[in-house]
Every structure is written in C-alpha cells, then in structure tokens.
Amino acid sequence: MAGLYVHIPFCKKKCRYCSFVSFEGMEHHEKEYVSAIKQEAKILREQGFLEKIQIDTIYIGGGTPSLLAAPTARDLVDSLMELFAIDRKGLVEASLECNPESVNKPLLETLRDAGINRISLGIQDLTSGGLEILGRIHSPEDAIKACKLVRDVGFEELCVDIIYGLPGQDTRWLSKTLVRLIGLEPTHISAYELTLEDGTPLKQLVTKGEISLPSQERSLELTQFLEDFLNKQGFRQYEISNFAVPGHECVHNINYWMCGDYVGLGCGAVSFMGGTRYFNTKGLPEYMKRIQTGRLAFEERETLDIEARFRESFIMGLRMTKGIDRNLFITRFGIDPFKYYGKSLERMCSLGLMEAKEEHSTIRLTKRGRYISNYVLSYFV
Ligand code: SF4
C-alpha cells in the first residue's frame, strides 16, 4: 500500500510554536499552487517514479488546507483522483486538515462530494488562555462550532489535534479541555506534547524567561492523566501520540510508522519510494519555479540500504502500542531484531521499558517505556 500526501503551505497567521512549512498571507496564490501540484504529479509520472505506486490513502495537510476556496479544493481532489488513477470507492481513507476559523459549510460539502471522508481539525486547546499562549487565531467557541459543522455536513470521521504541556498547565486545565473535547464526539484524537522548535516566538519567550514549560514531573503527570482519561472514554492509544475509537485509526499514518511508500506533493513535502527518501524544497518561490519549468522540486535525497530500512522500521514500529512483529521483520529484511539489537533489547526489557511477548514474536514499549520513548528509542538509532 502507498499513501499520497499533499502539502498546502498557506496560513492566515503563523502560530507561536510552529516550525512547519507555512507562509502567511499567500493564499491568494492558491490556484497557481494547485496547478503546480498537478504539474508535479505529471512530472513524477513522466519520469517513472509512480510506476509501482498504488495509492490507498490521501492526506491533504498543511499549513491550512481549509483556506482553499471550495472550487479550488474540488479541482485539487478531482485532479489527484485522475492523475493517480484512484477509484474513489476503493480508496481506504482521504483526509483533509482544517482550522476552526476557516472551515465553512460550502467547503465541507464540496470535500464530502469529492470523496474526502475524514476531517482533521486543529483545535489544540479548548481554553482561551491556552489558545492565546499558542498564538492561535480561533476561539474555543470557533472550535466547537467547527466540530458541529463537520458532523452536520455528514462526516463520520472527525479527528482532532490537541497540544498539551502548555506553560502553566495543570491537570485541572487539561481536564477542562478534554471534557469539552469528548463532548464533541471525535473518532480520533492526536495529542502532542508541546515542544519548543528553533526559531519560533515561543522558544524565544522561554529563552528570555518570560514563560516556562512544565517541569518533567508535571509533564509526566499530564501525560498519564491524558492517557487514563482517554482510555476511560473508550479511546484506544495505538501510537505514542494517537488515540482512536477502535476501528477509526488513521491508516495513512500507520503506513508511515510501518515505513511504507508514500508520495509527497508540494512545497516542503517528502516522498519515500522504493527505499529512497526525497525532500522537496521548502521555499515556495523555488518550488513554483522548478515545477513551472518542468523540473521536480527535490532538494535532497537519501537512499536507505536494507539495514538502514530495518533500523528505521524498528524505531518507527515501536511508536505503535502493538509494537513490531519479530517474524515479520525477519521475513521483510532478513534480519532478526533480537540478534541485531541483542544487548540493548535485553537491557530495555530488564528495566521494564520494553517487553517481548509470545516467545519474542512481539516486541514493544511498555507504558513506562512510552513515557520516556525518546530515551528508549535512542538506544536503537
Ligand atoms: S495553523 Fe498549523 S501550520 Fe499554520 S502556523 Fe499554525 S501550526 Fe503552523
């Protein structure tokens, strides 16, 4: 299976924590940009990159894809279906990210009719204070209205993103957001702990000492609270940061964690095809220029040999709560994880951070291991 990712790099205003490829006030270039996306897909096909690729999932992310006008969004989705010979009925999943302040009924109706079946809303927090810290331009009420609108238009898959571990946040505050969130009946929740990315205003504020992130103890307390709360509400944690009502997991992202192939279109997008990863330029003018002059926008590429793919798949696979299947790894890469990682694995298991079940056929992080996953996974890089 393979996924298709399309990056829409437009945002009304840059959030304080954001280091994604996104640009303020450029959305009036949407038609030109969507033409470039279509052109990029054509060039990829002409140059033979798509020969063995069969697309099963689409994910249109950003940036803010909901800034696209309805006709442009329709043109984009229809063109993708045609250019990749996708049968709408056979498509496993087609997601599009929206922000609460820009999502609207005509756009949602158009997306639904075009074959998008999953809306992912960037809610981030449901308190005014939290949204202000993050520099979001929507209010909690906008987010609640947006969720209702998505449901009214008939989308069954409502996915929401939240960020926790905000400066000053305690479990009472997190609980307020979570209780409100559950009331909106999402089918999927991605909950990311706030991280400080270089060059972001939030990092500058923390560096200057104007605000501070929660301590390690508080951060762990918030993570445990979040997991327990969502588990009690019937959400199953299937990846370090992702929870779903069983049966509503994100297939597109599971393909990433399984290190499957994917095609990335757009400024800053990344593709992984046949063992090689391709990185598109992150500059919007450069991307447009390259595509408009008939060239691909790759700025860098890296080819992974079988051992590198094994290691990457091992680390990515451990992000999922079900872990990895040792036998599958032996079949796929010809390498036995227990022999390859022998001592590190034994050590992590003896510390109670990992476990190997069914005569070592399943290898995974324990709950404790998940709480310090960066540390545990660093042993296997
Ligand atoms: S909406 Fe998303 S992509 Fe845009 S600035 Fe905010 S975090 Fe970044």
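Remember, it's 1-based here, ligands and their atoms both numbered in the order they're listed.
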Distance from atom 6 (Fe) of ligand 1 to nearest protein heavy atom, with residue and atom: Cys15 SG, 2.3 Å
Winner among Gly63, Ser19, Ser102, Gly135 once heavy atoms are compared against atom 3 (S) of ligand 1: Gly63
Flag for Asn99-Arg136: side-chain donor and acceptor within less than 3.5 Å: yes
is_close_aromatic(Tyr341, Tyr379), centroid dist under 6.0 Å: no
Atoms of ligand 1 close to Lys13 [distance to a heavy atom under 4.0 angstrom, numbered from 1]: 5 (S)
Ligand 1 contact on Cys11 by region, counting heavy-atom pairs under 4.0 Å: side chain
Short N-O contact, Arg277 and Glu312, less than 4.0 angstrom: yes
Flag for Arg218-Gln169: side-chain donor and acceptor within less than 3.5 Å: no
Glu97 and Tyr59: side chain donor to acceptor below 3.5 Å: yes
N/O/S from Cys18 sitting under 2.8 Å away from atom 8 (Fe) of ligand 1: yes
Proximal atoms of ligand 1 relative to Tyr17 (non-hydrogen, under 4.0 Å): 7 (S)
Residue part near ligand 1, for Arg136, under 4.0 Å between non-hydrogen atoms: side chain
Side-chain donor-acceptor pair present, Glu193, Thr195, cut-off under 3.5 Å: no
Distance filter under 4.0 Å to Asn99 heavy atoms, resulting ligand 1 atoms: 1 (S)
